[in-house]
Amino acid sequence: MNIALGSFDGLHAAHRAVLRGATAVLLFSEHPQVTLHGQAPLQLLTNDERAHRLQAAGLRLLHVDFAELAALPPAQFIALLRERYGATGLRCGHNFRFGAGAQGNIALLRELCATHGMTLSIVPRIAYRGDTVSSTRIRAALQQGEITQVNAMLGRAFGYSFPVEHGARLGRVLGAPTLNQHFTPGYCVPKAGVYASRACVDGAWWPAVTNIGLRPTISNHSEATEQHRRCPRSETHIPGFAGDLYGQRVPVRLLRFVREERRFGSVEELKAQILQDIQI
């Protein structure tokens, strides 16, 4: 069994380079940062979607409690992979660290793999615009609205698939009914604004426009700010689609940042802008 090692919290281009050629992937029950620092970084994928993507790629998922491994010396960690999972080979990134206190480096990993008769594949640094692709860098770009850079580093369009909820139905009055979805706590929320997007309904992808933010024209600002902090909202309009999707998990992918969110002088001005956004 050829096991891929890493956090794989975003399944971005560098992660997929490590996964390529592996037959299984080691997944922690919770992000290592929870054990090490008490808090996980913001998610770029839900755990369920990550598992679905990995399984769709034909990988066997090996779930393990990171707290169980955190105190193991590097040699014991590699021995566990060999004895518990029958590892015959390992794949990891060029900067992989392992064992208690991250004592283990690539040089030590080579020695330990040789000791246990395992192969080792080290994936070189994957870069974008001169810097290493990482989940941390992707999160920062996403929160700045740099969605084209995010998508380039991910190697796919960033998105989410949350249940469609009932809203105030104001979109219908404005001539642009929307799919209302709330981001789950802990998910990395893109910069507030309007995005060119696409949404998947019954297996078909539709061109769409998505607004993420506070809806300052139609919401009480203080209430909206608190609501956005607790449970941010995504509102997606699909031109030409009129079906009922309430309760369904509709995948939405963000393609391009169109404009900042701003307060309009009236609902009529907002309506005119929405109609213009639809033409992107």
Side-chain angles (χ1 to χ4, degrees), residues 1-35 40-66 68-70 74 77-78 80-99 102 104-110 112-113 116-129 131-139 141-142 149-161 187-188 251 253:
M1 183 183 300
N2 200 3
I3 301 177
L5 303 177
S7 64
F8 305 112
D9 53 351
L11 293 188
H12 51 61
H15 287 154
R16 291 204 306 281
V18 172
L19 292 166
R20 198 172 298 122
T23 56
V25 54
L26 193 71
L27 292 181
F28 302 125
S29 56
E30 60 184 8
H31 198 283
Q33 293 300 321
V34 175
T35 298
L42 296 174
Q43 289 183 313
L44 296 171
L45 285 172
T46 64
N47 291 338
D48 287 345
E49 185 170 1
R50 180 180 66 165
H52 173 75
R53 287 177 177 271
L54 291 170
Q55 289 174 323
L59 291 161
R60 178 181 173 186
L61 309 187
L62 308 176
H63 294 280
V64 64
D65 184 355
F66 180 77
E68 174 189 353
L69 306 180
F77 171 66
I78 301 305
L80 179 146
L81 296 179
R82 183 75 175 106
E83 296 164 8
R84 178 185 295 182
Y85 300 110
T88 56
L90 301 178
R91 289 182 62 83
C92 65
H94 71 286
N95 58 352
F96 181 69
R97 307 286 301 197
F98 64 103
N105 57 19
I106 294 298
L108 179 57
L109 184 58
R110 291 188 189 279
L112 293 173
C113 283
H116 289 281
M118 295 189 291
T119 61
L120 176 62
S121 297
I122 306 298
V123 176
R125 181 177 82 110
I126 304 297
Y128 173 71
R129 293 188 174 180
D131 290 327
T132 300
V133 171
S134 70
S135 296
T136 298
R137 187 180 172 199
I138 291 171
R139 291 185 192 97
L142 187 62
Q149 294 187 31
V150 168
N151 293 347
M153 289 187 282
L154 284 175
R156 66 175 189 279
F158 170 83
Y160 39 89
S161 182
Y187 206 84
C188 192
R253 302 289 179 261

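Throughout, numbering of the chain's residues begins at 1 and tracks the sequence.
Ring geometry for Tyr187 versus Tyr160: interplanar angle over 60°, hence perpendicular rather than tilted (30 to 60°).
To the nearest 0.5 angstrom, Arg91 atom CZ is 9.0 Å from Thr119 atom OG1. Rounded to the nearest 0.5 angstrom, Asn2 CG and Leu59 CG are separated by 10.0 Å. To the nearest 0.5 angstrom, Leu81 atom CG is 8.0 Å from Leu69 atom CG. Atom OG1 in Thr132 sits 4.0 Å away from atom CZ in Arg125 (nearest 0.5 Å). The line from OG of Ser134 to CD1 of Ile126 is 12.5 Å long, rounded to the nearest 0.5 Å. Here the CD atom belonging to Gln43 is positioned 11.5 Å from the OG atom belonging to Ser135, to the nearest 0.5 angstrom.
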Item to check | Evaluation steps, side chain to side chain contact (heavy atoms under 4.5 Å, CB included), between Leu42 and Leu142 | outcome: CA-CA 11 Å; Leu42 296 174; Leu142 187 62; over 6 Å; no
Next on the checklist: Leu26 vs Tyr85, test: side chain to side chain contact (heavy atoms under 4.5 Å, CB included). Steps then yes/no.
Outcome noted: CA-CA 10 Å; Leu26 193 71; Tyr85 300 110; 4.0 Å; yes
Checklist entry - Step by step, would you call Arg84 with Leu62 a side chain to side chain contact (heavy atoms under 4.5 Å, CB included)? => result CA-CA 10 Å; Arg84 178 185 295 182; Leu62 308 176; over 6 Å; no
Item to check | Leu112 vs Phe98, side chain to side chain contact (heavy atoms under 4.5 Å, CB included): CA-CA, chis, key distance, verdict | outcome: CA-CA 12 Å; Leu112 293 173; Phe98 64 103; 3.9 Å; yes
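By the 4.5 Å heavy-atom criterion applied to side chains, Val25 and Leu61 are counted as neighbours. Annotation: side chain of Arg16 is in contact with side chain of Arg156 (closest heavy-atom distance under 4.5 Å). By the 4.5 Å heavy-atom criterion applied to side chains, Ser29 and His63 are not counted as neighbours. Taking 4.5 Å as the limit, some side-chain heavy atom of Leu11 sits within range of a side-chain heavy atom of Leu54. Side-chain contact check for Ile122 versus Cys92: some heavy-atom pair is nearer than 4.5 Å.
In plain terms, the two heavy atoms of Cys188 and Leu44 that are nearest each other are CB-CD2, 4.1 Å. Residues Phe28 and Gly6 come closest through the heavy atom pair CE1-O, 4.1 Å. Met118 and Ala87 get closest at one heavy-atom pair: SD-O, 3.3 Å. Nearest approach of Val34 to Ala40, heavy atoms of both residues: CG2-CB, 3.5 Å. For the residue pair Leu154 and Gly10, the shortest heavy atom distance occurs at CD2-O, 3.8 Å. Here the closest heavy-atom approach between residue Ser7 and residue His15 is recorded as OG-NE2, 4.1 Å.
Pairs passing the side chain to side chain donor-acceptor pair (under 3.5 Å) check and including a residue from residues 48-61, sequence neighbours excluded, read Glu49-Arg53.
Taking the ring pair (Phe, Tyr, Trp, His ring centres under 6.0 Å) definition, one finds that Phe158 meets it with nothing, sequence neighbours left out.
Using modelled atom types, one side-chain atom of Arg137 and one backbone atom of Tyr128 make a donor-acceptor pair closer than 3.5 Å.
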